[in-house]
Amino acid sequence: MKQTITDILTEALARAKDKGDLILDVHPVITLETPKAKNHGDLATTLAMTLAKPEAKSPRVIAEIIIRNIQDRDGVLEATEIAGPGFINFVLKQDRWQQTLFDIDAEGNQYGFPNVGRGEKILLEYVSANPTGPLHVGHGRGAAVGDALANLLRAVGYDVQREFYVNDAGRQIRNLARSLYARYQQALGNAMPFPEDGYHGSYVEEIAEGLLQREGKKFLNTPFEDCEAPFADYGREAMLADIRSDLDAFGVHFDSWFSEASLLAAGAVQQSIEELRARKYAYEKDGALWLRSTAFGDDKDRVVVKQDGSYTYLATDIAYHRQKLSRGFKTLVNIWGADHHGYIPRVQAVIQAFGHPRDALHILLVQLVTLMRHGQPVPMSKRAGDFVTLRDVVQDVGSDAARYIFLTRRSDSHLDFDLDVAKEQSRENPVYYVQYAHARIASLYREAESRGIAVPASDGVDVSLLDSEEEQDIIKALAQYPEVIEEAALAYEPHRLTYYLQNLAGLLHNYYFKQRVITDEAGRTGSRLFLMKQVKTVIQSALGILGVTAPERM
RNA sequence: GCGCCCAUAGCUCAGCUGGAUAGAGCGUUGGACUACGAAUCCAAAGGCCAGAGGUUCGAAUCCUCUUGGGCGCACCA
């Protein structure tokens with residue numbers, strides 16, 4: 001729809017230039033928007049106002065010139081007017097809008113998915129929780145955002161790979177092993193002090209119990225140094241299995257799980273360092289090896305290899321991102337907890353040090369979630385070991401409600417997650433509002449079927465009967481879906497879909513209340529059922545991207 | 001001290017990358033079920049977009065400063 005008007009405007013500008021009405025040294029970018037107020041037409045452009053200065057004419061004069069040069073060959077325009085300081089408002093012919101219903105009917109669940117990605121490969125890394133404890137609610141938000149974003153990017157034609165980076169090297173795992181070892185010994189009656197900075201959660205005891213059952217007492221008198229590996233391996237695998245099953249219950253699935261330890265084992269870290277050296281972005285000072293990240297705007301250079309010869313966390317991250325790039329991904333997207341934002345310049349420096357543009361890496365920050373219960377924040381202390389896990393929340397409120405709520409806010413703003421509201425299957429819960437719209441339509445079909453009325457095929461529909469204000473509003477909302485999808489995808493903002501859905505569902509509920517779909521007139525009933533079918537398709541499509549089910553009944 | 005993010009209705013938040021009269025949900029008040037699902041709908045009240053300057057035809061949106069919150073500033077991961 002926008003494209004059609006853009007073409008008409010481009011042509012009008014060219015004509016005005018040929019006739020000498022406008023100078024047009026630089027070809028202006030034509031932007032169209034959907035006005036908020038209905039009496040401002042269906043689409044509006046600010047073109048005349050942006051041209052005012054270069055053309056040295058008043059916006060309204062320019063607008064007149066543009067309109068004079070418009071040729072509407074296909075007859076899509078109902079009216080064109082100049083308004084306010086120089087807006088040009090377009091009103092489209094009704095049948096033009098109604099045409100979108102046939103588009104949706106023909107394209108089905110592919111409707112509204114423009115192929116802007118053209119198969120370009122994107123690596124989307126998210127969650128990437130340390131395998132040292134259960135997923136918490138913040139991970140859940142990252143998972144919901146990442147998964148929806150992956151769906152969204154796929155919808156617009158990107159070749160998306162969803163990856164979970166497993167931090168299975170270094171001190172955290174060692175810590176887990178030590179904690180596990182202590183619990184194991186304690187379970188066997190061996191008084192053993194619990195490590196100061198160990199993991200205190202009860203899950204550690206459960207894992208220790210599992211290990212005990214599998215391996216028996218054979219480590220009872222073995223010093224930790226001699227059995228760290230089996231404890232680390234067992235702990236890692238047990239935690240990953242837990243994480244996997246939690247994500248599974250949440251409907252989040254990854255294409256790949258990338259192990260940090262595998263980078264070390266393959267010598268990738270060493271190779272990366274060599275390459276950085278060759279590129280002159282690594283140097284030695286004070287007995288350590290540094291990344292010259294200041295060359296790319298970081299505050300200071302960063303240590304990669306410590307004085308004692310061991311690697312910093314950055315070292316494996318360097319290797320990991322190099323590895324990602326070497327797999328042929330042009331675009332990398334990382335979803336991080338907002339508390340890691342100080343790390344961004346460093347990693348962007350890494351990307352550039354390897355010769356890639358800074359914006360090859362996008363980092364989305366996800367703010368932490370505050371769980372609310374009875375109007376009070378639920379205390380979350382990982383230190384104490386008892387915190388509300390993602391699993392608890394999903395079991396409590398259900399996957400649909402949790403995912404939807406995670407996606408109702410932009411990811412970098414704080415989120416209060418009210419457990420009572422999320423659990424309540426009532427009007428206060430936004431996810432039910434949208435799902436109810438879908439179920440209502442499904443219910444309409446059942447009703448129609450019971451009366452022997454079928455939804456007509458596209459060639460048997462008279463869409464011109466859909467001429468009420470409510471019907472027009474719905475049709476226009478459906479026509480907007482493709483842009484919402486495209487813009488949400490390109491901005492990496494899946495939350496826009498929840499707002500779109502609220503609006504569409506609202507229009508549907510309003511229409512449903514005001515007008516009857518199944519009427520005495522067969523033609524009208526048919527056209528309305530046809531309209532409902534397309535609404536249902538779009539709701540299902542958008543919910544699908546968010547990873548929320550579209551129920552037939554509730 | 002330096003850097004990043006945030007500040008919009010009583011509460012929780014949108015605001016389409018600079019457009020026309022700033023929106024939604026909850027909450028409050030008052031209405032709508034003998035017809036397809038009332039998990040719904042309609043209406044009302046509620047705002048100095050934290051404050052002050054600046055950029056321009058035009059600012060919640062961009063720039064600077066101030067105030068007030070969150071988070072980072074490791075040879076930790």
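Atoms considered below: every heavy atom in the structure, side chains included; atoms not considered: hydrogens, waters and symmetry mates. Within every chain, numbering begins at 1; the chains are lettered A, B, ... in the order of the sequence lines, protein sequences first and strands thereafter.
At least one side-chain nitrogen or oxygen of A:K306 sits closer than 4.0 Å to the OP1 or OP2 atom of B:C76. In this structure, A:Y343 does not reach the B:C76 phosphate: none of its side-chain N or O atoms is under 4.0 Å from OP1 or OP2. Between A:N510 and B:C42 there is a side-chain N or O to OP1 or OP2 distance below 4.0 Å.
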What's touching nucleotides 43-45 of chain B from the protein side, N or O pairs under 3.5 Å?
none

Below 3.5 Å is the cut-off: list the nitrogen or oxygen pairs between protein and nucleotides 33-37 of chain B, distance only.
| from | atom 1 | to | atom 2 | distance (Å) |
| --- | --- | --- | --- | --- |
| B:A35 | O2' | A:R516 | NH2 | 3.2 |
| B:A35 | N3 | A:R516 | NE | 3.4 |
| B:C36 | O4' | A:R516 | NH2 | 3.0 |
| B:C36 | O2 | A:I518 | N | 3.2 |
| B:C36 | N3 | A:V517 | N | 2.9 |
| B:C36 | N4 | A:Y512 | O | 2.9 |
| B:C36 | N4 | A:Q515 | O | 2.6 |
| B:G37 | OP1 | A:S443 | OG | 2.6 |
| B:G37 | O2' | A:Y436 | OH | 2.5 |
| B:G37 | O2' | A:R440 | NE | 3.0 |
| B:G37 | O2' | A:R440 | NH2 | 3.4 |
| B:G37 | N7 | A:S443 | OG | 3.0 |
| B:G37 | O6 | A:M554 | N | 3.3 |

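Residues passing the side chain to side chain contact (heavy atoms under 4.5 Å, CB included) test with A:T525, sequence neighbours excluded: A:I453, A:I518, A:T519, A:L529. Listed by chain and number, the residues in a ring pair (Phe, Tyr, Trp, His ring centres under 6.0 Å) with A:Y313 amount to none (sequence neighbours excluded). With sequence neighbours excluded, no residue forms a side-chain hydrogen bond (donor to acceptor under 3.5 Å, both in side chains) with A:E33. Among residues two or more places apart in sequence or in another chain, the ring pair (Phe, Tyr, Trp, His ring centres under 6.0 Å) test is passed with A:Y281 by A:F296. Scanning for ring pair (Phe, Tyr, Trp, His ring centres under 6.0 Å) contacts around A:Y511 gives an empty result, with sequence neighbours left out. Residues passing the ring pair (Phe, Tyr, Trp, His ring centres under 6.0 Å) test with A:Y126 are A:F254, sequence neighbours excluded. By the salt bridge (charged side-chain N to carboxylate O under 4.0 Å, His left out) test, A:K38 is found to be paired with A:E469, A:D473, residues two or more places apart in sequence or in another chain being considered.
Residue A:D286 is in base contact, counting any heavy-atom pair closer than 4.0 Å across all strands shown.
Taking the syn range as angles within 90° of 0, the glycosidic angle of B:U17 is syn.
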### Summary
B/S/- along nucleotides 11-23 of chain B (protein heavy atoms under 4.0 Å) is -BSSSBB-BB---
In residues 477-485 of chain A, what donor-acceptor pairs under 3.5 Å come from side-chain atoms, sequence neighbours left out?
| from | atom 1 | to | atom 2 | distance (Å) |
| --- | --- | --- | --- | --- |
| A:Y481 | OH | A:S541 | OG | 2.6 |
| A:Y481 | OH | A:A542 | N | 3.3 |
| A:E483 | OE1 | A:K2 | NZ | 3.2 |

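Taking every heavy atom of both residues into account, A:R60 and A:G84 meet most closely at NH1-O, 2.5 Å.
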### Message
What does the 5'-to-3' dot-bracket notation of RNA chain B look like when only Watson-Crick and G-U wobble pairs under 3.5 Å count, and pairs to other strands show as |?
### Response
(((((.(..((((.....[...)))).(((((.......))))).....(((((..]....)))))).)))))....
